[in-house]
A.B. asks: 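Below is the structure I would like to discuss, written out as structure tokens.
Indexing begins at 1, ligand by ligand and atom by atom, following the structure's order. From a predicted model like this one, the values you see are computed outputs, not experimental measurements.
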Amino acid sequence: MHYTIAIDGYSACGKSTLARAMANALGYRYIDTGAMYRMVTLHFQRLGVDLADDEAVARALEGIHLDFVPGSNRALLNGEDVEDEIRSMAVSSFVSPVAAVSAVRRSIVPLQQKMGANGAIVMDGRDIGTVVFPGADLKLFVTADLETRTERRLSELLAAGKNPSRAEVAANLLERDHIDSTRADSPLKQAEDAIVLDNSQWSLPDFIAAGMAEVENLY
Ligand code: C5P
């Protein structure tokens with residue numbers, strides 16, 4: 001079967017780890033929609049776009065091409081591999097205000113819908129089960145407590161050679177969650193038919209097994 005699987009949830013709660021593992025196990029394509037908003041953010045930062053300037057936003061969006069390297073899934077902004085740069089704190093600090101701009105969402109969401117049009121896809125983000133694919137075959141809503149999320153994001157950043165403080169990482173996660181949940185356009189919220197997976201106390205294999213068990217329930 002060529003299911004469409006939507007995974008939403010808060011920042012750094014393991015959505016993309018789960019999504020990637022499920023896509024691998026099922027032989028599906030994985031799309032990290034957060035990476036798409038991060039690429040737009042980097043593009044805007046490079047151009048110095050003022051988010052209050054509608055024309056500058058529209059112009060910047062016209063000159064943007066977002067893609068992923070097949071296989072590795074590294075983020076490609078106008079053909080340039082920006083995977084490492086989009087994970088920086090500089091991008092993390094600006095991405096939620098950018099993603100709250102309706103013009104940005106209007107240009108990105110159709111692209112995501114096109115990428116997933118044939119099914120056999122696992123897509124993770126904030127509005128996949130509510131806006132991008134409201135008719136998804138399976139919707140998972142992932143959560144974890146703040147301490148667990150901070151710890152995980154901090155180790156990722158340290159492994160990538162970055163050196164933010166724990167307080168800075170926690171503050172960024174909380175701030176993004178707040179902006180993402182309270183924005184007017186496509187706020188982060190659990191779809192009514194989503195299944196909640198709280199992985200604070202789970203090992204990674206147990207978390208992935210819980211996600212896969214929900215796929216098996218579809219058959
Ligand atoms: O998933 P990740 O944490 O990389 O996403 C970065 C940011 O992109 C989120 O904090 C959110 O502001 C935005 N985003 C969004 N809608 C999505 C995916 C991400 O608004 N579907």
A.B. asks: Considering only the protein, which heavy-atom contact is closest to atom 4 (O) of ligand 1, and what is its distance?
C.D. replies: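 Answer for atom 4 (O) of ligand 1: R38 NE, 2.7 Å.
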A.B. asks: Mind checking whether M36 contacts ligand 1 via backbone (N, CA, C, O), side chain (CB onward), both or neither, at a 4.0 Å heavy-atom cut-off?
C.D. replies: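 None of M36 does.
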A.B. asks: In terms of residue, atom name and distance, what is the protein heavy atom nearest to atom 17 (C) of ligand 1?
C.D. replies: R126 N, 3.4 Å
A.B. asks: Quick check: Y3 with Y219 (ring centres under 6.0 Å apart)?
C.D. replies: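 Yes; Y3 has its ring centre under 6.0 Å from that of Y219.
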A.B. asks: Would you mind checking if E83 and R38 are paired as a salt bridge, meaning a charged N to carboxylate O distance below 4.0 Å?
C.D. replies: no
A.B. asks: Could you identify the single nearest non-hydrogen protein atom to atom 18 (C) of ligand 1 and state the distance to 0.1 Å?
C.D. replies: T33 OG1, 3.3 Å
A.B. asks: Flag the pair L197 / T143 as yes when at least one side-chain heavy-atom distance between them is below 4.5 Å, and no otherwise.
C.D. replies: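 No, too far: nothing below the 4.5 Å cut-off.
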A.B. asks: Using the ring of each side chain (for Trp, its six-membered ring), is H2 parallel, tilted or perpendicular to Y28, with breaks at 30° and 60°?
C.D. replies: perpendicular
A.B. asks: What atoms of ligand 1 come within less than 4.0 Å of a heavy atom belonging to D127?
C.D. replies: 16 (N), 17 (C), 21 (N)
A.B. asks: If you measure from each non-hydrogen atom of R176 to ligand 1, which part falls under 4.0 Å: side chain, backbone, both or neither?
C.D. replies: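 Under 4.0 Å from ligand 1, R176 contributes side-chain atoms alone.
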A.B. asks: In ligand 1, which numbered atoms sit nearer than 4.0 Å to a non-hydrogen atom of D180?
C.D. replies: 9 (C), 10 (O), 11 (C), 12 (O)
A.B. asks: Give the residue, atom name and distance (to 0.1 Å) of the protein heavy atom nearest atom 16 (N) of ligand 1.
C.D. replies: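 For this ligand atom, the closest protein heavy atom is R105 NH2, 3.0 Å.
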A.B. asks: Counting each atom of ligand 1 from 1 as listed, which ones have a heavy atom of A99 under 4.0 Å away?
C.D. replies: 12 (O), 13 (C), 20 (O)
A.B. asks: For Q112, state whether at least one heavy atom is located under 4.0 Å from any atom of ligand 1.
C.D. replies: no
A.B. asks: Tell me which part of R183 gets within contact of ligand 1: side chain, backbone, both or neither, using heavy atoms under 4.0 Å.
C.D. replies: side chain
A.B. asks: Number the atoms of ligand 1 from 1 as they appear, then name those within less than 4.0 Å of a heavy atom of S96, with their elements.
C.D. replies: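 Answer, ordered by atom number: 10 (O), 12 (O).
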A.B. asks: For ligand 1, which atoms, with element, lie under 4.0 Å from some heavy atom of G125?
C.D. replies: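 Listed by number with element, the hits are 17 (C), 18 (C), 21 (N).
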